[in-house]
Amino acid sequence: MSIYDTLNARQKEAVLQINGPVLILAGAGSGKTRVLTHRIAYMIEKEGVNPWNILAITFTNKAAGEMRERVDDIVGFGSESIWVSTFHSTCVRILRRYADRIGYDNSFTIYDTDDSKNIIKEVCKRLQVDTKLYKERSLMSAISSAKDELISPTEFELNTIGDFGKRKIAEVYREYQKTLKKNNAMDFDDLIVKTVELFKSCPDVLNSYQERFKYIMVDEYQDTNTAQFELVRLLASKYRNLCVVGDDDQSIYKFRGANINNILDFEKVFPEAKVIKLEQNYRSTQNILSAANNVIRNNMERKEKALWTEKGEGDQIHFRQFDTAYEEAEFIASDIGKKKRNGLADYKDCAVLYRTNAQSRLLEERFIMEGIPYDVVGGVNFYSRKEIKDILAYLKTIDNGKDDLAVKRIINVPRRGIGAATINKVQDYADENGISFYDALRRKEEIASLGRSGVKLDPFVTMIQAFRAKMEYFSLEELVNDVIETTGYVKELKESDDEDADDRINNIDEFVSKVVAYEESHEEASLSEFLEEVALVADIDGVDSDNNKVLLMTLHSAKGLEFPFVYLAGMEDGIFPSYMTITSDDPTAIEEERRLAYVGITRAKEDLTLTCARMRMIRGETQYNMVSRFVKEIPEKLLDNSLPVVKKKDKDEFVYADGSAEKNRFQAVPFKTTGGFSGFGQTAPGSSSFGAGKGSFGKNSFGSGFGAGTNTGSSFGAGNTFGSGSNFGRSAKKEETEAAPFTGYSYGAGSYGRPRAVVKPKRTAEENKPFIARGLSSLDGVQGLQKGMGNSPTGLDYKEGDRVRHLKYGEGTVSAIVEGPRDYQVTVQFDSVGQKIMYAAFAKLKKI
DNA sequence: CGTACTAGTCTTTTT
DNA sequence: GACTAGTACG
């Protein structure tokens, strides 16, 4: 019995087909990694393929690492010469050898998003582009999309005839590329684009890699963009032994250029391709799979397939709707806690998935309270944190002084009294002489304009030169510690009263540990190599499954992972599917969201829980959301029937076990100020959104007139806010002109569902009056709110002399409440931090 | 040159 | 609510 006998018929077929183009359509959990690793083993063992000739490409380092590990396990001898890596690091490796062939120095630096943004800013200033009109963000994404499609600045320009806006973008694109090149730098997209460029302009280089990579495999093929596809196509064009594995139903990266046609049209580009479908799922129970199938079948743009499993039905899928997001978080935390206590699950068996990173905060707070260990994947990338970037900038400067951005970043960190004026003078000199910024620093004596202020530069240059000298005999760890020590970086943090100084110091400690780990795993660890590896790390890469912790992450980050217990939080229209996609003109936008839902559901092996909240705070404003359409796409019989369920008669209306219905939700939303969510320093929703706004009244509410109802909780008490009036008028007007985006909120108008028919609520003359002018009688629907807010004359639920609690400052006594122009100014004597004066709306004070 | 405050933006997702 | 860039002031 060989290892290949454990494969099913389809899998075996995929493993044995090693010659020619192969498209493996691998459904979620169908064992594609297994197929890939066995396929590699088969090539080497049975077909005598030289491991040296095999290339396997993935998207993340984590995936590459896992594949490497599994290949090592089954291949044994020779596996180390198989090239397993990500698109980006593959390209870096190639470019490190040949970048000089296309006009770069082989020691080019890699810019991250932050760096790119700085360059864009610089370019805009130089070209006098108004960044109010052309946002850096949108410029960046326009340039990035162009690169994803392999459109050069010149080509871009050709397509801008008659379009002034586009011409501007073209200009910026051209100048941006020029600047990158001048700095000998490439951004993420360039790594792919420049490699393609290299292959196209240097046939000898291409040929050498074609000879090297006779067998190519690409994982997560549905996520490739045009540039990546072209790269693979070029490499494979000689021997045509290209095997791509993917699942069009899991294509969720359109926003960063993934071209779903790469997988849908594979057979057009490679007509002789063999197509193999893997439809047997080994991961999930039948119920979970059925739910996933029922959701994804609503998409039009897909290859038909049907996942099946031999596993039993399993538990029903749990669904729970809560009044608030606090209660949702509370439930998830306590449910996991319960499972752990009952021995049903370990922490590491559980994952909580959500649509947006911001949703993690509430969950985290609750997890801390319940004492449940967790890890959050994503958010701000570890290596993008300020303190880490600072240390890295030092290391980059030491490694090679060519990275001007890095040098400028740290020249005055910690403070050395070197300001913008000095920096500009040095930069001018560098530009005039065509040298790098750091080289100009070293020749500062020659810079006449510097004058006396130049003295301040000396210690910096001396320090860097000293580091460089030490680098010769220091280990990486010693060097990093020396940098931290000599610069006084941590010392400064310790002395600062910065609230998150401790976090920053911890991060730096963690960074040192990472350096040590790197040195341990790399025989001759060089600074350059370390910096390079660090530049290409994704968040998910750092996830360590050995830790017994619950994992919190976005649905995107969860792709490729599996867990026995999965919670999908925030299953609400407006959150997931996101507001953007619901209101989008592009009907395929919602399909991408649905694929995301499919990915989420299929992460679960045994137990899936869907949760949502009627009300949650988004960006400081309270939103009321309906249950996600994706939940409604799951057949009722698959859902836990002890919970509120949809009545089939009318699918536009949710009717719950307690008889309450969705359409009455304005009254139905119970505004409890006690109970569930009040326990945490967080205030109850009514008061936390008190005055939310510099009058953002109705901004995010759906359909003006009624929107008033939704946001009243926030705006009513803020009578003073209305005093200003202007904002109210503005946002209300906006609502009218832009129409109510959420068809779901059309109050029983029955248009829930497809985002086409937008029902615009009609406003009466009375409703058109500013809210406050209508008098309290029109607040009938929201009386609960007033009570909930403890509607005293000030609208605050505390008064002078009361003891209150603040989220950050702890407990204290209110010594004064003064009516300010906008809001009440509250003065509190805190027990630990002394007196603070703050605005009531933002202070989040809670009476004790 | 550095700080402290203000106004504006944002959030959908990230290699 | 959080963050950031820009500005005014010391």
Side-chain angles (χ1 to χ4, degrees), chain A residues 57-64 85-92 110 112-114 117-118 121 131-132 135-138 141 144 147-148 187-192 220 223-225 227-228 251-258 353-362 377-381 384 386 412 415-423 453 456 500 535-541 553-559 570 574-584 589 592-593 595-596 599-600 617-622 682-683 688-689 691-694 696 699-700 714 807 839 841-844:
Chain A
I57 303 183
T58 62
F59 271 84
T60 65
N61 294 302
K62 185 176 201 278
S85 82
T86 66
F87 269 105
H88 290 88
S89 36
T90 300
C91 289
V92 171
I110 301 166
D112 65 17
T113 324
D114 239 39
K117 199 176 173 195
N118 285 328
K121 235 182 249 167
T131 49
K132 291 251 158 50
K135 296 266 172 332
E136 286 106 338
R137 266 182 72 87
S138 48
S141 80
S144 178
K147 289 182 177 178
D148 288 343
D187 64 19
F188 279 128
D189 302 316
D190 279 341
L191 297 177
I192 316 284
E220 305 283 10
D223 291 333
T224 52
N225 62 34
Q228 287 158 339
S251 165
I252 54 174
Y253 283 108
K254 192 174 171 192
F255 69 93
R256 67 166 195 228
L353 313 181
Y354 37 78
R355 182 65 238 268
T356 67
N357 277 309
Q359 288 168 256
S360 73
R361 220 195 81 226
L362 241 41
V377 181
V380 185
N381 183 316
S384 317
K386 224 174 262 147
N412 198 34
R415 311 229 126 68
R416 298 186 179 92
I418 302 168
T422 311
I423 290 174
S453 60
K456 289 179 176 164
D500 37 44
L536 298 173
V537 198
D539 292 312
I540 193 72
D541 297 338
M553 69 187 109
T554 63
L555 289 149
H556 282 86
S557 299
K559 188 156 67 95
I575 303 286
F576 184 37
S578 74
Y579 177 89
M580 303 281 271
T581 49
I582 294 176
T583 56
S584 167
E592 174 129 330
E593 291 285 286
R595 289 193 290 270
L596 200 49
V599 167
M617 269 262 236
I618 310 246
R619 278 188 272 147
E621 284 174 300
T622 309
Q682 284 290 6
T683 41
S688 70
S689 52
K694 316 165 206 158
S696 47
K699 188 167 123 205
N700 263 359
S714 54
L807 195 58
Y839 279 111
F842 295 107
K844 296 191 289 190

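None of the values given here were measured: they were computed from a predicted structure. Quick note on labels: first sequence line is chain A, next is B, and so on, each numbered from 1.
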Check whether any side-chain nitrogen or oxygen of T554(A) sits under 4.0 Å from OP1 or OP2 of dT14(B), and answer yes or no.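 Affirmative; the distance criterion is met.
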Under 4.0 angstrom, heavy atoms only, what part of the nucleic acid is [X] near: base, sugar-phosphate, or nothing?
X	result
N357(A)	sugar-phosphate
N412(A)	sugar-phosphate
K121(A)	sugar-phosphate
E592(A)	nothing
F59(A)	sugar-phosphate

R355(A) (side chain) and dT12(B) (base): donor-acceptor pair under 3.5 Å: yes
ring centroid sep under 5.5 Å plus plane angle under 30, F255(A) with dT13(B):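 F255(A) vs dT13(B): stacking yes.
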Expressed as a whole number of Å, how far does the C1' atom of dG6(C) sit from that of dT11(B)? 22 Å
Report the C-alpha separation of S584(A) and T581(A) in whole Å, then their side-chain angles, then the decisive distance to 0.1 Å, and conclude whether the side chain to side chain donor-acceptor pair (under 3.5 Å) test is met. CA-CA 5 Å; S584(A) 167; T581(A) 49; over 6 Å; no
Value rounded to 0.5 Å, distance of CZ in R415(A) from NZ in K456(A): 12.5 Å
Suppose we screen for side-chain hydrogen bond (donor to acceptor under 3.5 Å, both in side chains). Which residues come up paired with T422(A), at least two apart in sequence or across chains? none
